[in-house]
*Asks:* 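Below is the structure I would like to discuss, written out as structure tokens.
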There are 2 protein chains.
Amino acid sequence: MTPSTTRAPTKPTGLDCRLAVLGSDVRLTPHRREVFDVLASSTDHPTAYDILDRVKSRSPHISLATVYNCLEHLTTHGLIKLVHLERGQSRYCANLHEHVHFHCETCGKVIDAHPASDFDPAKFWNLPKGTRVTRTDLAIHGTCNACATQS
Amino acid sequence: MTPSTTRAPTKPTGLDCRLAVLGSDVRLTPHRREVFDVLASSTDHPTAYDILDRVKSRSPHISLATVYNCLEHLTTHGLIKLVHLERGQSRYCANLHEHVHFHCETCGKVIDAHPASDFDPAKFWNLPKGTRVTRTDLAIHGTCNACATQS
DNA sequence: CATGCAATTAGAATCATTCTAATTCTAAAA
DNA sequence: TTTTAGAATTAGAATGATTCTAATTGCATG
């Protein structure tokens, strides 16, 4: 597949779903919609494999490659967030509210935590002059209540 | 190699180097020492491959497996820190002072930023009751001054 | 209804890391 | 001082996660 010319993506019409985010128009094919819905209804920060498993109940023939493609598309269009807490599989998150991730190092659970007050972490650190900040990722590692009490 | 009994690690003596960190005594073999020294004199948050390249100038026969082993040992003993900013290779950091990582999404550079005032990020977030925090990782993503000005 | 590109797919390829089994080294026991 | 047990190191295989490739399918426009 070596296209000789490039053309703007087909405009979304008909069966396509659309979602307006950050002022841009994101085209959602059925698969992309399903991947997004699965993630939006998950609170456990699933991996690509987890998402494949869950989407399969509705679309049994979807492939891992398509899940990765959809996740990539959704991420670059700002509909979901990619989370890197440790080595190995990336995790995904559809919570677009300002939040941080608490990661339990015992059971591996990831919990969203929301700010107690409005707060810009970037203000607290001496960043070099001229630095432009686009996003901050705060990961808090430790032991969750369940693991802490049963030990 | 299937040891029938387990014995406490050999006590460091003679040629072994030692470093007292966080109250524990960390045994440093020559390779571990070299890996640590390379990292301590680097400010660019090198990957395991980067470290292998740099250590090779002193120990041409060191293997990637040994570099990983040394990094693992140094990490679990608190002498260095593991940094996950994006997909792919992990990065390592010997700066044990409280700091965060600024990651330039254009050139990939990683810059340490130190706190402007004393600050506990965990205080600003509503963590579930009973949560124990062991460490926090703050990654700030954006564009560094050099990349911002030349675009 | 034909055309062209986007989306999807299966499977191969790549990349990062960990594992395995053999070898070497070192410190303490004999 | 020699022996010896286990730790460290090694090369290369294996695994796991992700990306790439090439072929196919689906859809919207001409």
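Labels below follow one simple rule: chain letters A, B, ... track the order of the sequence lines, proteins then strands, and each chain is numbered from 1.
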*Asks:* Tell me: NE2 of B/His31 to P of C/dT24, nearest whole Å?
*Replies:* 15 Å
*Asks:* Rounded to the nearest Å, what distance is computed from the CZ atom of residue A/Arg32 to the P atom of nucleotide C/dA6?
*Replies:* 11 Å
*Asks:* Between B/Phe124 and A/Phe124 (judged by ring centroids, cut-off 6.0 Å), do the two rings come close enough to count as a pair?
*Replies:* yes
*Asks:* Would a distance-only check, ignoring hydrogens and angles, find a side-chain to backbone donor-acceptor pair under 3.5 Å from A/Asp50 to A/Thr47?
*Replies:* yes
*Asks:* Keeping A/Ser59 on the side-chain end and A/Val55 on the backbone end, is there a donor-acceptor pair under 3.5 Å?
*Replies:* no
*Asks:* Within less than 4.0 Å of OP1 or OP2 of D/dA8, is there a side-chain N or O belonging to B/Thr29?
*Replies:* no
*Asks:* A/Glu86 CD to D/dG16 C1': how many Å, rounded?
*Replies:* 14 Å
*Asks:* To the nearest 10°, give me the bend of the helix from C/dC1-D/dG30 to C/dA30-D/dT1, comparing the axes of its five terminal pairs at either end.
*Replies:* 10°
*Asks:* Can you check the A/Ile51 CD1 to D/dA17 P distance for me, whole Å?
*Replies:* 14 Å
*Asks:* Between the protein and nucleotides 13-16 of chain C, list every N/O to N/O distance that falls short of 3.5 Å.
*Replies:*
| residue | atom | partner | partner atom | Å |
| --- | --- | --- | --- | --- |
| C/dA16 | OP1 | B/Gln89 | OE1 | 2.7 |

*Asks:* For the pair made of CG in A/Leu82 and C1' in D/dA17, what is the distance, rounded to whole Å?
*Replies:* 13 Å
*Asks:* Without hydrogens or angle criteria, can the side chains of B/His84 and B/Ser90 be said to hold a donor-acceptor pair below 3.5 Å?
*Replies:* yes
*Asks:* Would you compute the distance between atom CD1 of B/Ile80 and atom CD of B/Glu72 and round it to the nearest 0.5 angstrom?
*Replies:* 9.5 Å
*Asks:* Contacts to DNA chain D from residues 53-64 of chain B, heavy-atom cutoff under 4.0 Å, which residues?
*Replies:* B/His61, B/Ile62, B/Ser63
*Asks:* Say whether, by atom type as modelled, one donor and one acceptor occur between the side chain of B/His77 and the main chain of B/His73 under 3.5 angstrom.
*Replies:* yes
*Asks:* Between A/His114 and A/His97, how do the two ring planes meet: parallel, tilted or perpendicular, split at 30° and 60°?
*Replies:* perpendicular
*Asks:* Rounded to whole Å, how long is the line connecting atom CG of A/Leu52 with atom P of C/dT9?
*Replies:* 10 Å
*Asks:* Could you tell me how far apart B/Glu72 (CD) and D/dA7 (P) are, to the nearest whole angstrom?
*Replies:* 16 Å
*Asks:* Just verifying a value: how many Å separate A/Ile140 CD1 and B/Leu127 CG, rounded to the nearest 0.5 Å?
*Replies:* 4.5 Å
*Asks:* Give the nucleotide from the list D/dT9, C/dT8, C/dC19 with an atom nearest to the side chain of B/Asn69.
*Replies:* D/dT9
*Asks:* If you round to the nearest 0.5 Å, how far is CZ of A/Arg132 from CG of B/Asn145?
*Replies:* 9.0 Å
*Asks:* I want to verify a distance call: between D/dT9, D/dT18, D/dA11, whose nearest atom is closest to the A/Ala48 side chain?
*Replies:* D/dT18
*Asks:* Distance check needed: D/dA8 P versus B/Leu71 CG, whole Å only.
*Replies:* 15 Å
*Asks:* Parallel, tilted or perpendicular: which fits the ring planes of B/His141 and B/His103, with parallel below 30° and perpendicular above 60°?
*Replies:* perpendicular
*Asks:* Hey, are A/Asp37 and A/Arg54 close enough for a salt bridge, meaning a charged N less than 4.0 Å from a carboxylate O?
*Replies:* no
